[in-house]
Engineer: 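My questions all concern the structure below.
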Amino acid sequence: LDQNQSTGKLSLVKYHNVDMSSAHGLWITCGASLSPWNTHLSSEEYEPDAFTASTNTQFKAYSKNVFGNETTANPYHYGHLPEITVNPDGTGSVKKHYCLGRISHELIQVMPDNRTALMGDDYTNGGLFMFVADKEKDLSAGTLYAARYDGVLTEKSTETSAAKLTWIKLGHATSDEIEALADSLVPTDLMDVAYTDPADVTYTKMYCDGKANWVRLKAKKEKAAAFLETHRYANLKGASMAFTKMEGTTVNAKDKIAYSALANIQNSMIPGDASYAASRNVTFSKTVKAGGIVAHKLTGGLKDSEGNAINSDWAASQSYMLMMGTDIASDALGNTSDPSNIASADNLKFSEKMRTLFIGEDSGNHVNNFLWAYNVDTKTLSRILSTPAGAESTGLHAVDEINGWTYIMSNFQHPGDWSALHDKIRAEQSDKITSLIKANYKEGYGASVGYITGDPVQPKLTKA
């Protein structure tokens with residue numbers, strides 16, 4: 001991009017595709033973040049279940065499209081973290097990191113220490129994860145942890161009643177050794193998995209992606225399971241695997257507080273549900289489709305579940321709810337969540353200079369998804385952008401300063417992606433809305449990439 005330093009306007013100069021062949025291709029990318037060392041930390045979410053991949057229509061189609069047949073793609077090569085380095089000429093190169101856990105990555109946050117990564121999990125029956133790199137600015141080796149809540153996290157948890165958590169060490173590895181294990185192992189080398197009760201006490205029942213699993217670990221396969229079957233292994237180790245669609249994570253460095261988006265409060269967090277047993281103190285009174293935002297207090301001097309020191313001053317020690325969305329009966333437009341409040345937060349970014357948390361929605365509850373700004377000092381929530389009906393607010397980034405200009409980067413995608421939520425407006429204005437979507441956004445297959453910035457300040461002339 002080029003910048004007009006007088007007006008702040010950004011202009012596209014050129015762009016390049018990044019060759020992903022060295023990383024076995026790329027699987028379902030979503031929200032990304034900028035590392036402190038200025039690389040693009042991408043994501044591979046909804047990792048394919050390795051035990052059912054051979055019969056999974058989507059995965060077979062992916063394999064055929066990428067490799068020319070339905071059987072070449074290895075499910076253990078996907079669900080990891082690709083890091084893109086931008087070269088001086090604007091091109092990019094990729095390194096996929098296999099040691100940050102094979103989970104549903106989306107928009108991880110690397111802390112100011114250049115080593116600690118806090119990671120949500122855009123998954124059903126997912127967890128809160130942390131990776132502490134061995135070296136600064138190098139995610140190719142380190143230790144992976146999963147959170148276990150010892151205090152109870154509820155919708156009423158506040159900063160003064162935050163739920164304490166313990167980090168369970170899942171394992172230490174380098175990316176290269178886990179990639180080598182992915183190359184050489186098949187799922188049944190790591191564990192036995194049944195989808196109906198085997199009536200065998202050596203199996204542990206758990207819920208993965210909304211489905212009951214019975215799992216038994218193979219002998220001496222702890223490391224491989226920790227990094228290639230991370231969801232199942234974290235369950236076996238006692239982590240709080242309760243969250244559904246814990247998406248973007250960001251950090252307020254001054255206050256040492258991180259924020260994670262919870263798109264929905266789902267059954268796994270509600271007592272009485274069959275999957276609740278694995279929630280381990282994540283306990284909400286009811287489902288909330290509008291979701292909420294959970295805050296994490298960050299600190300140093302912590303020990304893991306085995307009593308070993310965690311080599312980080314930015315590890316989460318307690319969590320509480322910063323805000324909750326509000327479900328409503330359908331209003332005149334068709335919204336099923338209060339349009340004056342957040343619904344299904346997805347992307348999160350924090351501006352240190354503005355002391356503001358920016359919140360992008362991917363909601364099936366607002367007819368138009370919004371971008372919000374929440375000032376953490378005044379506690380004021382302001383709606384600052386609306387996307388076309390059916391579109392998701394995405395591509396969020398808070399750029400505090402480039403040559404004196406501040407930018408809120410914001411995109412939207414899939415306009416006109418109708419759902420039952422839009423039935424009311426479609427019945428009233430279907431032809432008009434559909435024609436506008438088609439005319440403006442390439443038959444609904446177009447998207448927009450842009451930003452918000454301030455108007456130039458004109459100096460006022462005063463008499464001497």
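Hydrogens, waters and symmetry mates are skipped; everything else that's a heavy atom, side chains included, is used.
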Engineer: Can you run down the salt bridge (charged side-chain N to carboxylate O under 4.0 Å, His left out) pairs that involve residues 24-37, sequence neighbours left out, and say none if there aren't any?
Structural biologist: none

Engineer: Would you call the rings of Tyr62 and Phe67 parallel, tilted or perpendicular, where under 30° means parallel and over 60° means perpendicular?
Structural biologist: perpendicular

Engineer: Could you report the tightest heavy-atom contact between Ala234 and Ala146, atom names first, then the distance?
Structural biologist: CB-CB, 4.2 Å

Engineer: I'd like to know if the side chain of Gln413 and the backbone of Thr394 have a donor-acceptor N/O pair within less than 3.5 Å.
Structural biologist: no

Engineer: Between Trp372 and Phe370, what is the ring plane arrangement, given parallel below 30°, perpendicular above 60°, and tilted in between?
Structural biologist: perpendicular

Engineer: Please walk me through it: do Trp37 and Val110 pass side chain to side chain contact (heavy atoms under 4.5 Å, CB included)?
Structural biologist: CA-CA 10 Å; Trp37 51 96; Val110 177; 3.8 Å; yes

Engineer: If you compare all heavy atoms of Ala316 against all heavy atoms of Trp167, which two are closest, and at what distance to 0.1 Å?
Structural biologist: O-NE1, 2.7 Å

Engineer: Scan for salt bridge (charged side-chain N to carboxylate O under 4.0 Å, His left out) pairs involving residues 34-59, sequence neighbours excluded, and state none if there are none.
Structural biologist: Glu44-Lys96, Asp49-Arg232

Engineer: Side-chain donor-acceptor pair under 3.5 Å between Thr249 and Ser260, yes or no?
Structural biologist: yes

Engineer: Taking atom types as modelled and ignoring hydrogens, do the side chains of His231 and Asp209 form a donor-acceptor contact shorter than 3.5 angstrom?
Structural biologist: no

Engineer: Hey, could you give me each pair passing salt bridge (charged side-chain N to carboxylate O under 4.0 Å, His left out) that has a residue in residues 109-122? Not counting sequence neighbours.
Structural biologist: Asp122-Lys245

Engineer: Between Thr244 and Asn264, does a side chain to side chain donor-acceptor pair (under 3.5 Å) hold up when you go through it step by step?
Structural biologist: CA-CA 6 Å; Thr244 297; Asn264 314 112; over 6 Å; no

Engineer: Report yes or no: do Tyr276 and Thr283 form a side-chain donor-acceptor pair below 3.5 Å?
Structural biologist: yes

Engineer: Side-chain donor-acceptor pair under 3.5 Å between Asn213 and Tyr207, yes or no?
Structural biologist: no

Engineer: Please lay out, stage by stage, how Met130 and Thr143 fare under the test side chain to side chain contact (heavy atoms under 4.5 Å, CB included).
Structural biologist: CA-CA 8 Å; Met130 178 176 68; Thr143 305; over 6 Å; no

Engineer: Quick one: ring-ring contact (aromatic ring centres under 6.0 Å, His included) partners of His397, sequence neighbours excluded?
Structural biologist: none

Engineer: How far apart are the C-alpha atoms of Tyr374 and Met323, what are their side-chain angles, what is the distance that settles it, and do they pass the side chain to side chain contact (heavy atoms under 4.5 Å, CB included) test?
Structural biologist: CA-CA 10 Å; Tyr374 177 76; Met323 64 180 75; 3.5 Å; yes

Engineer: Checking ring-ring contact (aromatic ring centres under 6.0 Å, His included) for the pair Tyr195/Trp214: CA distance, chi angles, key distance, verdict?
Structural biologist: CA-CA 6 Å; Tyr195 297 97; Trp214 284 262; 8.7 Å; no

Engineer: Locate the shortest heavy-atom distance separating Ser42 from Leu81; write the atom from each residue and the value.
Structural biologist: O-CD1, 3.3 Å

Engineer: Establish, from distance only, whether the side-chain atoms of Tyr407 and Gln3 form a donor-acceptor pair under 3.5 Å.
Structural biologist: yes

Engineer: Taking salt bridge (charged side-chain N to carboxylate O under 4.0 Å, His left out) as the definition, give me every residue that meets it alongside Asp150, ordered by chain and number, with sequence neighbours left out.
Structural biologist: Arg148

Engineer: Decide whether Ser161 and Thr158 meet the rule of one side-chain donor and one side-chain acceptor closer than 3.5 Å.
Structural biologist: yes

Engineer: Do Phe59 and Trp27 make the cut of ring centroids closer than 6.0 angstrom?
Structural biologist: yes

Engineer: Side chains of Thr299 and Asp313: any donor to acceptor distance under 3.5 Å?
Structural biologist: no

Engineer: Pair Asn87, Thr91 - check side chain to side chain donor-acceptor pair (under 3.5 Å), show working.
Structural biologist: CA-CA 5 Å; Asn87 304 316; Thr91 60; 3.0 Å; yes

Engineer: Would a distance-only check, ignoring hydrogens and angles, find a side-chain to backbone donor-acceptor pair under 3.5 Å from Ser157 to Tyr320?
Structural biologist: no

Engineer: Can you confirm whether the side chains of His296 and Ser319 place a donor and an acceptor under 3.5 Å from each other?
Structural biologist: yes

Engineer: Under a plain distance cut-off of 3.5 Å, with no hydrogens placed, do Thr124 and Gln266 share a side-chain donor-acceptor pair?
Structural biologist: no

Engineer: Between Asp255 and Arg355, does any NZ, NE, NH1 or NH2 come within less than 4.0 Å of an OD or OE carboxylate oxygen?
Structural biologist: yes

Engineer: Who pairs with Glu177 by salt bridge (charged side-chain N to carboxylate O under 4.0 Å, His left out), at least two apart in sequence or on another chain?
Structural biologist: Lys223

Engineer: Would you mind checking if Glu352 and Lys254 are paired as a salt bridge, meaning a charged N to carboxylate O distance below 4.0 Å?
Structural biologist: no

Engineer: ring-ring contact (aromatic ring centres under 6.0 Å, His included) with Phe412: which residues, sequence neighbours excluded?
Structural biologist: Tyr441

Engineer: So, the side chain of Asp346 versus the backbone of Glu361: is there a donor-acceptor pair under 3.5 Å, distance only?
Structural biologist: no

Engineer: Under the rule for ring-ring contact (aromatic ring centres under 6.0 Å, His included), what residues qualify as partners of His97, not counting sequence neighbours?
Structural biologist: none

Engineer: Does a donor on one side chain and an acceptor on the other come within less than 3.5 Å for Ser275 and Ser268?
Structural biologist: no

Engineer: Sequence neighbours left out, what passes salt bridge (charged side-chain N to carboxylate O under 4.0 Å, His left out) with Lys218? Give chain and number order.
Structural biologist: Asp192

Engineer: Can you name the nearest heavy-atom pair linking Glu106 to Gly31, along with the distance?
Structural biologist: CG-N, 3.6 Å

Engineer: Decide side chain to side chain donor-acceptor pair (under 3.5 Å) for His77 and Asp183; before the verdict, give the C-alpha distance in whole Å, the side-chain angles of both, and the deciding distance to 0.1 Å.
Structural biologist: CA-CA 8 Å; His77 288 154; Asp183 293 342; 2.7 Å; yes

Engineer: Which residues pass the salt bridge (charged side-chain N to carboxylate O under 4.0 Å, His left out) test with Glu136, sequence neighbours left out?
Structural biologist: none

Engineer: Any chance the side chains of Arg280 and Tyr149 put a donor and an acceptor closer than 3.5 Å?
Structural biologist: no

Engineer: Measure across Gly101 and Leu144 and return the closest heavy-atom pair with its distance rounded to 0.1 Å.
Structural biologist: CA-CD2, 3.6 Å

Engineer: Looking only at the side chains, is there a donor atom on one of Ser11 and Asp2 sitting less than 3.5 Å from an acceptor on the other?
Structural biologist: no

Engineer: With no hydrogens and no angle check, just 3.5 Å: does a side-chain donor-acceptor pair link Thr39 and Glu83?
Structural biologist: yes

Engineer: Between the side chain of Ser175 and the main-chain N/O of Cys99, is any donor-acceptor distance below 3.5 Å?
Structural biologist: no

Engineer: Provide the full list of salt bridge (charged side-chain N to carboxylate O under 4.0 Å, His left out) pairs with a residue in residues 58-76, sequence neighbours left out, each pair given once.
Structural biologist: none

Engineer: Taking only distance into account, with no hydrogens and no angle test, what donor-acceptor pairs under 3.5 Å do side-chain atoms of residues 17-25 form with protein atoms, sequence neighbours excluded?
Structural biologist:
residue : atom : partner : partner atom : Å
Asp19   : OD1  : Ser21   : N            : 2.9
Asp19   : OD1  : Ser21   : OG           : 2.8
Asp19   : OD2  : Ser21   : OG           : 3.4
His24   : NE2  : Glu179  : OE2          : 3.1

Engineer: What are the two closest heavy atoms between Pro187 and Phe51, and how far apart are they?
Structural biologist: O-CZ, 3.4 Å

